Amino acid sequence: MGDDKQKVLLIDGNSIVYRAFYAMPPLTNSSGLHTNAVFGFTTMLLKVLEEEKPTHLLVAFDAGKATFRHEGYEDYKGGREKTPPELSEQFPLLKELLASFSIQQFELGGYEADDIIGTLTRLADEQGQTAVVVSGDKDMLQLASDRVTVLLTRKGVSEVERYTPEEIASRYGLTPQQIIDLKGLMGDSSDNIPGVPGVGEKTALKLLAEYGTVENVLEHMGEIKGKLGENIRSHHEDARMSKRLATIFREVPLQQTWDELRWTGYDPAELAAAFRKLEFKSLIERLDLSGATQAGGGAEGEAAHQASYETVWVAGPAEWEALNGALKRAEALVVESHGENPHQSEGIGLAIAAGERVYVVPYASLFSNEAAALRDWLADADAAITGYDLHKAELVLARSGIELRGQSFDVQLAAYLLDPTEADPSLAGLLQRMGLPSIPFDEAVFGKGAKFRVPDDEALAAHLAAKADAVRRLARPLAEELDKAGMRTLYYELEQPLAVILAGMEKQGISVRAEALEELGKEFQSGIERIMSEIYRLAGFEFNIGSPKQLGEVLFDKLGLPVIKKTKTGYSTDAEVLEKLEPYHEIVRLILHYRTLTKLQSTYIEGLLKEIRPEDGKIHTYYRQTIAATGRLSSQFPNLQNIPIRLEEGRQIRKAFVPSEPGWHIVAADYSQIELRVLAHISGDEGLKEAFRNEMDVHTKTAMDVFGVPADQVDSNMRRQAKAVNFGIVYGISDYGLSQNLNITRKEAAAFIEQYFNAFPGVRKYMDDIVAQAKQDGYVKTLLERRRYLPDIRASNFNLRSFAERTAMNTPIQGTAADIIKLAMVRMDEELRERGLKSRMLLQVHDELVFEVPPEELETMKKLVPETMARAFPLDVPLKADVNFGVNWYEAK
DNA sequence: GGATTCACG
DNA sequence: ACGTACGTGAATCCA
């Protein structure tokens with residue numbers, strides 16, 4: 001030990017990890033490993049490091065084996081629950097991370113972490129050094145002294161409380177040594193230390209205030225009156241033993257020298273790599289490690305990520321010439337644009353990585369004469385372009401009249417297939433997950449939301465170049481991962497071609513008659529006004545019906561209707577609640593109708609009107625191929641997958657969706673019961689298969705089997721209930737969910753389910769098997785090998801696990817249905833082109849395809865579309881699609 | 001920006 | 001005992 005000022009920080013590893021595990025919400029990385037305890041530990045560590053600035057540092061762990069305490073008392077820590085696997089799997093991760101922090105770790109067979117820490121604080125005391133102990137365990141307070149401070153975590157892990165001997169005295173009226181006596185008397189159920197029965201903290205403190213120590217209490221136990229005195233006298237041995245067990249052993253034979261604990265900080269590159277592995281993105285940003293890589297340091301400029309390329313800002317003839325020459329060697333393309341909606345986003349720039357150079361082209365110069373070769377390359381169907389979100393790039397470029405045709409590999413799409421639930425689609429996040437040196441996040445360069453700004457040319461060039469280089473670095477590893485996961489065909493035969501087809505549909509758009517919407521909007525408006533005044537009259541005053549808060553006050557406080565359900569913030573007023581309240585007051589029905597009409601007005605009349613492009617009178621939605629966890633598409637700006645149909649009032653909206661050419665028709669075809677047919681196929685259930693082979697009404701068939709009656713005795717109510725059971729089966733059934741849906745008791749619902757499983761034993765087996773398989777593999781698959789990871793399937797938390805189990809049952813069904821209609825779209829696109837048809841595919845709504853069709857092709861398409869859909873993927877049961885047509889989408893029913 | 005509600009499959 | 005049906009997107013209110 002030198003005489004310079006030293007401060008040693010001693011962390012009780014096990015205690016903090018436990019605290020962190022139970023304090024933090026569940027958290028897993030993309031491979032399903034739990035990381036919440038490590039994350040919580042790290043947050044605490046960073047905070048304490050910052051506040052304490054130690055010169056020496058140690059994390060102590062309990063050794064796995066029995067400690068010396070067990071020798072005298074077998075039940076020591078006997079009452080403890082076994083460590084959950086979600087926690088034990090985190091210890092190796094934590095130890096590895098601590099190594100990346102360059103922090104020493106000790107554990108020693110036969111001793112616990114607090115013994116090691118106790119020994120080191122004794123040494124610190126003796127040698128006049130300062131020590132700070134961090135733990136979640138109050139026992140540690142016995143170590144406090146003039147030189148030793150104890151920090152105890154409180155609610156959560158990152159908040160700590162400081163205990164000096166003075167603080168302990170003022171809080172408990174005890175010296176640090178008396179903390180041992182305190183526990184000797186009151187015991188500790190978590191460590192299975194008995195103490196004296198009937199003695200809790202209050203009594204123990206009273207006894208210690210009077211007698212000072214356990215020994216002195218026992219000496220005077222004869223004079224203590226009542227039940228308390230009896231208990232002490234009959235359990236005096238327990239008290240002595242408890243005190244022994246609670247005493248931290250401070251003579252552990254440690255081999256390590258003081259100097260080995262010296263800590264001079266971490267290597268940013270090493271720590272960044274460790275964080276990336278754990279996917280602690282927020283910590284990387286918090287410590288500003290995003291530039292730190294294994295190869296380089298955290299320095300600025302090119303050293304930051306050891307760029308192996310030169311950025312070329314394409315501005316003059318020389319650069320254009322170089323770029324044009326490099327196009328045939330191009331390895332990656334990035335198109336940067338404003339905003340999320342590619343149909344209205346302005347381009348910012350392009351970056352093309354080719355060999356040792358990355359060329360960055362400001363978007364405006366894409367239209368210059370020099371850019372002719374670049375435009376040709378973009379439009380070249382054989383260019384074999386690798387990029388990031390080429391679907392969006394195609395739409396952005398299309399707005400400028402530039403084609404993007406040679407798409408061959410998209411790292412965003414590939415990453416989605418590898419893990420469709422990963423929320424962060426950014427290149428920076430993707431690099432981190434793949435363990436590659438990362439680049440700045442777009443938000444760091446551009447800002448986000450209203451603060452979005454294109455930086456100066458130099459910064460823009462650097463960032464776009466980094467992105468193109470990132471695409472290039474990611475392409476091969478992602479392609480290899482796809483291969484390994486058996487998703488090569490899924491990618492190249494289905495998703496990649498589909499991306500181009502979707503862009504085509506979006507560019508085509510669908511004609512929507514503004515006048516028709518406006519006309520309908522007027523009807524809705526007069527309805528809304530009529531209902532509003534009725535509601536105000538019944539309430540006795542005007543209020544904002546659209547405010548759930550005000551509405552709740554009117555219904556439940558003013559009118560005194562019964563409260564059915566509450567939300568986090570107050571009364572629930574959703575439709576389910578209102579339907580139950582209908583009999584109580586006529587205002588309820590009006591409110592429901594008001595809700596329906598205002599929804600239609602704001603979302604569908606006003607919302608859609610805003611999206612009609614004046615240039616062509618069409619709506620161009622944006623299908624997202626990388627959002628839904630099951631493999632479905634999603635639709636945005638606007639969403640054309642949720643246009644009303646169930647209620648006649650709203651269904652009228654569909655009359656505004658018309659063909660874009662006079663005399664043409666809308667043709668719509670939808671799969672009949674695709675999910676239950678998929679279930680019949682993958683479960684192999686004979687009864688279900690037979691039902692579909694015989695073209696039976698599946699809900700009637702279900703009713704027959706569940707209620708045990710012949711077809712002619714199935715009434716509409718039985719069929720309705722059977723239909724709900726079928727929905728439940730597809731969603732991953734639970735008695736609770738079904739009972740909610742059918743408004744029956746859970747018991748009745750459970751009986752239905754049991755009946756169903758008896759009638760369709762193959763389905764029961766599928767449900768059992770798929771859950772077991774998900775538990776085994778950590779993921780489930782669709783027929784086309786699409787994957788979804790379910791990290792919570794092994795959770796000890798019932799809710800999380802149940803959710804994952806239902807997802808395991810549902811995803812192969814919903815996902816396979818999504819696979820099939822996507823295949824049908826690829827086939828339909830081929831058919832239209834091969835047959836030279838003018839008909840156009842416009843929309844996909846999960847199980848439905850919508851086309852516009854010239855009159856001379858109507859008969860052809862009425863056969864071709866359902867046939868192509870039915871043949872898209874052969875199952876053990878027939879697939880069936882129904883087709884309809886009309887002058888608008890409403891009529892095509 | 002989160003919570004609530006509701007449109008669709 | 002636990003307490004939710006599966007998957008989306010958009011509008012509105014309100015802190």
Side-chain angles (χ1 to χ4, degrees), chain A residues 340-341 420-421 448-450 543-552 565-578 591-592 594-608 610-611 621-624 627-647 649-651 653-654 670-671 673-675 679 724-742 746 749 753 780 788 795-815 817-818 821 843-848:
Chain A
E340 286 197 75
N341 183 347
T421 52
K448 65 172 176 181
F543 64 100
N544 185 349
I545 310 168
S547 160
K549 191 163 161 245
Q550 292 183 38
L551 181 62
K565 197 166 62 170
K566 296 202 115 193
T567 67
K568 274 184 210 161
T569 50
Y571 305 118
S572 171
T573 66
D574 64 22
E576 196 191 316
V577 167
L578 294 182
I591 289 165
L592 280 165
Y594 174 87
R595 284 253 176 94
T596 306
L597 290 177
T598 50
K599 174 86 175 182
L600 293 172
Q601 188 73 303
S602 66
T603 304
Y604 297 102
I605 301 293
E606 291 162 8
L608 290 179
K610 275 186 240 162
E611 297 288 347
T621 189
Y622 175 36
Y623 286 108
R624 303 278 319 256
I627 298 293
T630 53
R632 277 188 174 186
L633 297 177
S634 90
S635 157
Q636 295 178 330
F637 317 131
N639 182 356
L640 291 185
Q641 291 182 319
N642 68 348
I643 302 303
I645 189 166
R646 292 174 190 169
L647 300 174
E649 231 169 3
R651 193 171 193 160
I653 305 269
R654 294 181 173 228
D670 65 304
Y671 278 112
Q673 303 297 349
I674 186 168
E675 293 189 334
L679 174 63
V725 172
N726 278 327
F727 268 95
I729 291 291
V730 168
Y731 290 156
I733 197 131
S734 74
D735 49 12
Y736 185 85
L738 183 64
S739 75
Q740 289 294 298
N741 193 283
L742 283 177
R746 231 177 62 186
I753 293 166
V780 290
R788 178 174 181 178
S796 50
N797 178 306
F798 174 88
N799 270 330
L800 287 177
R801 190 177 62 248
S802 302
F803 193 10
E805 287 170 355
R806 292 195 298 275
T807 311
M809 301 184 229
N810 169 265
T811 294
I813 301 172
Q814 190 182 120
I821 192 164
L843 302 176
Q844 189 253 41
V845 194
H846 307 308
D847 67 352
E848 175 186 19

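Chain letters run A, B, ... following the sequence lines, proteins first, then strands; residues in each count from 1. Fair warning: this is a prediction, and the values are worked out from it, not measured in the lab.
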Of residues 569-576 of chain A, the positions that come close to DNA chain B - non-hydrogen atoms, cut-off under 4.0 Å:
Thr569(A), Ser572(A), Thr573(A), Asp574(A), Ala575(A)

Smallest heavy-atom separation, Ile733(A) atom then Val725(A) atom, equals CD1-O, 4.0 Å

Between dG3(C) and dC6(B), how far apart are the C1' atoms? Round to whole Å, please.
23 Å

Which value, rounded to the nearest 0.5 Å, describes the distance between Thr630(A) atom OG1 and Arg788(A) atom CZ?
7.0 Å

Separation of the C1' atoms in dC2(C) and dA7(B), to the nearest angstrom
32 Å

Return the residues of residues 799-807 of chain A meeting this criterion: a heavy atom under 4.0 Å from some atom of DNA chain B. Order them by number, or give none.
none

Describe the nucleic acid contact of Asp670(A) in one word from base, sugar-phosphate, nothing, applying a heavy-atom distance below 4.0 Å.
nothing

Any donor-acceptor pair under 3.5 Å linking the side chain of Gln636(A) with the backbone of Pro638(A)?
no

In this structure, OG1 of Thr598(A) is separated from CD1 of Ile605(A) (nearest 0.5 Å) by 12.5 Å

Mind checking if Gly728(A) touches a base, just sugar-phosphate, or nothing, with heavy atoms under 4.0 Å?
base

Approximate separation, where rounding is to 0.5 Å, of Glu649(A) CD and Thr596(A) OG1:
6.5 Å

Using a heavy-atom cut-off of 4.0 Å across all strands, would you classify Arg646(A) as base, sugar-phosphate, or nothing?
base

Tyr623(A): which residues meet the ring pair (Phe, Tyr, Trp, His ring centres under 6.0 Å) condition with it, sequence neighbours left out?
none

Under 4.0 Å between any heavy atoms, over every strand shown, what does Leu600(A) touch: base, sugar-phosphate, or nothing? Just pick one.
nothing

Show me, pair by pair, the donor-acceptor contacts under 3.5 angstrom made by side chains of residues 796-807 of chain A, not counting sequence neighbours?
from	atom 1	to	atom 2	distance (Å)
Asn797(A)	OD1	Asn799(A)	N	2.8
Asn797(A)	OD1	Leu800(A)	N	3.1
Arg801(A)	NH1	Ala795(A)	O	3.0
Arg801(A)	NH1	Ser796(A)	O	3.3
Ser802(A)	OG	Phe798(A)	O	2.7
Glu805(A)	OE2	Lys775(A)	NZ	2.9
Thr807(A)	OG1	Phe803(A)	O	2.7

Would one find more than 12 heavy atoms of other residues, nucleotides or ligands at under 6.0 Å from atom CD of Glu340(A)?
no

Distance-only donor-acceptor check, side chains Ser635(A) and Gln641(A), under 3.5 Å
no

Among residues at least two apart in sequence or on other chains, which ones pass side-chain contact (heavy atoms from CB on, under 4.5 Å) with Pro644(A)?
Leu600(A), Tyr604(A), Ile653(A)

Name all stems that contain residues of DNA chain C, defined as runs of 3 or more consecutive Watson-Crick or G-U wobble pairs, both distances under 3.5 Å.
B:1-9 with C:6-14

Do you know the tightest heavy-atom contact between Asn544(A) and Gln550(A)?
N-OE1, 2.8 Å

Along DNA chain B, first and last positions that approach a heavy atom of chain A under 4.0 Å
dA3(B) to dG9(B)

Who pairs with Ser602(A) by side chain to side chain donor-acceptor pair (under 3.5 Å), at least two apart in sequence or on another chain?
none

What's Val845(A) touching, base or sugar-phosphate or nothing? Going by heavy atoms closer than 4.0 Å.
sugar-phosphate

Just checking Ala724(A): base, sugar-phosphate only, or nothing, at a heavy-atom cut-off of under 4.0 Å?
base

Contacts satisfying side chain to side chain donor-acceptor pair (under 3.5 Å) that involve residues 726-738 of chain A (not counting sequence neighbours) are His699(A)-Asn726(A), Thr702(A)-Asn726(A)

Heavy atom of residues 629-640 of chain A under 4.0 Å from DNA chain C: which residues?
Ala629(A), Thr630(A), Arg632(A), Ser634(A), Ser635(A), Gln636(A), Phe637(A), Pro638(A), Asn639(A)

Heavy-atom side-chain proximity of Lys566(A) to Tyr571(A) below 4.5 angstrom:
yes

Could I get the full list of salt bridge (charged side-chain N to carboxylate O under 4.0 Å, His left out) partners for Lys565(A), not counting sequence neighbours?
Asp574(A), Glu576(A)

Across the strands shown, which category fits Lys568(A) at heavy-atom distances under 4.0 angstrom: base, sugar-phosphate, nothing?
sugar-phosphate

Counting any heavy atom closer than 4.0 Å, what does Ile643(A) reach on the DNA or RNA strands: base, sugar-phosphate only, or nothing?
sugar-phosphate

With a 6.0 Å cut-off (strictly less than), is the heavy-atom count around CZ of Phe727(A), excluding the residue itself, greater than 12?
no

What's Asn810(A) touching, base or sugar-phosphate or nothing? Going by heavy atoms closer than 4.0 Å.
sugar-phosphate

Which atoms form the tightest heavy-atom contact between Ala749(A) and Leu738(A), and what is the distance?
O-CD2, 3.8 Å

Touch class at under 4.0 angstrom, heavy-atom based, for Arg624(A) against every strand present:
nothing

Roughly how many Å apart are dT4(C) and dA3(B), using the P atom of each and rounding to a whole number?
15 Å

Measure the CD1-CD distance between Ile821(A) and Glu848(A) for me, rounded to the nearest 0.5 Å.
8.0 Å

Considering only heavy atoms of chain A and a distance under 4.0 Å, specify the first and last nucleotide of DNA chain C in 5' to 3' order that meet this criterion.
dC2(C) to dA15(C)

Atom CG of Leu843(A) and atom OG1 of Thr621(A): how far apart are they, to the nearest 0.5 Å?
8.0 Å

